[in-house]
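Input: a single structure, listed below in structure tokens.
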Amino acid sequence: MSHIRTKTIGEACFWLGLVIEILIVIVDKSAYTNPLESQLFRLTFLLFCIKIALTKYSAGEWLCMLLFGAVMFVSYRINERDEAVRIIAFIAACKGMDIKKVMRVVCWVTFAGCAALVLLSVTGIYGKVAVTANFGREVQPGQFEETRYVLGMGHPNALHCMFWMVVVLAVYSYADVLRWYHYALFMALNFALYSLTGSKTGVIVCFLFLASSFVMRYCRRCRECRGIYILGAVAVLGCVAFAAVFSHLENTYDTVDTLVHKLDSMLNGRYQSCYAVEAARLENWKLFAAPENIAYFDAGFVRLFYWYGIIPGLIYVGMNFYLLYQSYKEKDHVLFTMLVTFAVFNLMEAHFISVYILRNYLLVLMGYYWYQPFARRHPREIYFWQVRDLPGKA
């Protein structure tokens with residue numbers, strides 16, 4: 001089989017797996033329960049493994065893949081969460097793919113999927129347009145129930161989150177051609193959507209992302225200032241530390257005048273809910289999480305260490321800092337703002353910490369940047385079946 005044909009087949013498998021993973025996310029956001037989800041996960045894992053098998057890697061890249069793959073395989077064997085292994089396969093399979101093209105495909109398929117859910121709901125075909133429930137806010141004295149729009153996505157926070165995700169993808173994919181009025185339009189849509197969803201989390205993180213991206217885009221001094229990137233790294237580290245500390249603090253929420261209570265009240269009691277799960281507290285974290293750690297709560301960074309353990313959690317956090325370094329090196333201001341706002345979002349929500357690979361676009365970017373240090377050395381690249389041909393091999 002020729003190299004060109006091998007590469008074409010591998011890339012076709014990658015694109016098919018990528019689109020399926022995006023569609024799985026879209027279906028999850030709808031009111032439909034996907035009975036074939038686990039089978040589709042196996043299919044995309046197989047497709048990414050085929051892409052790996054049909055891609056040339058250097059000896060260093062093979063070693064890197066095997067090392068991280070082994071760690072995540074141990075994680076899977078202990079906590080029985082297979083997404084850790086699937087993520088490693090996806091990241092490894094990204095080698096050689098055009099990052100802008102990949103992100104544009106993710107952007108447009110995600111946008112089309114979300115638009116379809118909205119259309120199905122407003123036409124009355126499938127999904128709710130709005131829901132009436134207690135969203136943790138007192139609307140009037142003694143009244144907590146209110147109506148908020150969901151437009152087919154189940155929850156107002158989910159609707160605003162997916163809008164933000166599409167904005168992030170659009171800004172990253174078309175950063176070079178966007179003008180100030182595009183940012184103004186996105187910002188106007190953000191506040192208009194807030195009038196429908198009432199999602200404070202969604203409107204705040206979208207505002208932070210757009211405002212910081214706009215400043216970095218039009219202020220060269222900010223874009224090239226090392227201090228800005230150091231400040232971003234401190235912010236990411238601070239978010240992780242905040243989550244860890246708040247998962248550890250004793251339950252003082254019943255005393256309304258404590259600082260803990262006041263801070264957590266601003267987050268709608270997210271860390272009180274987190275503290276109620278004993279294994280989620282910092283003092284109970286393990287190197288690899290136990291299989292019974294299956295509870296859901298909103299604190300993203302805490303869920304990361306609770307679901308997977310300290311070692312996989314630190315690898316993910318380390319990946320964030322590696323991408324921060326790459327954003328500074330490449331002066332990629334959109335990647336930088338993504339990292340910081342994603343970390344802030346992880347304090348309040350756990351959208352990125354899930355079984356769905358294409359909920360977290362940092363994994364796509366990690367798939368592009370992980371092999372760059374190896375590629376710059378121009379080493380010999382081989383398929384996995386050519387390992388025996390390396391010097392020193394029989």
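FYI, side chains are in, hydrogens and waters are out, and symmetry mates aren't considered; it's all heavy atoms of this structure. Residues take their numbers from the sequence shown, with the count starting at 1.
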[Y] six-ring centre to [X] NZ/CZ under 6.0 Å and within 45° of normal:
X      : Y      : answer
Lys331 : Tyr328 : yes
Arg81  : Tyr76  : no
Arg104 : Tyr174 : yes

More than 12 heavy atoms from other groups under 6.0 Å of [atom1] on [X]:
X      : atom1 : result
Glu278 : CD    : no
Lys100 : NZ    : yes
Leu46  : CG    : yes
Phe111 : CZ    : no

Exercise. When the ring centroid of Trp307 is compared with that of Tyr296, is the distance short of 6.0 Å?
Worked result: yes
Exercise. Do Asp28 and Tyr356 come close enough that some side-chain heavy atom pair is under 4.5 Å?
Worked result: yes
Just say parallel, tilted or perpendicular for the rings of [X] and [Y], cut-offs at 30° and 60°.
X      : Y      : result
Phe246 : Tyr271 : perpendicular
Phe163 : His160 : perpendicular
Phe48  : Phe14  : tilted
Phe352 : Trp164 : perpendicular

[X] and [Y]: side chain donor to acceptor below 3.5 Å:
X      : Y      : answer
Asn157 : Ser199 : yes
Thr132 : Glu145 : no
Tyr316 : Asn360 : yes
Glu83  : Tyr308 : yes

For this session: Search all heavy atoms of Ile78 against all heavy atoms of Pro291 and return the closest pair with its distance.
Result: O-CD, 3.3 Å
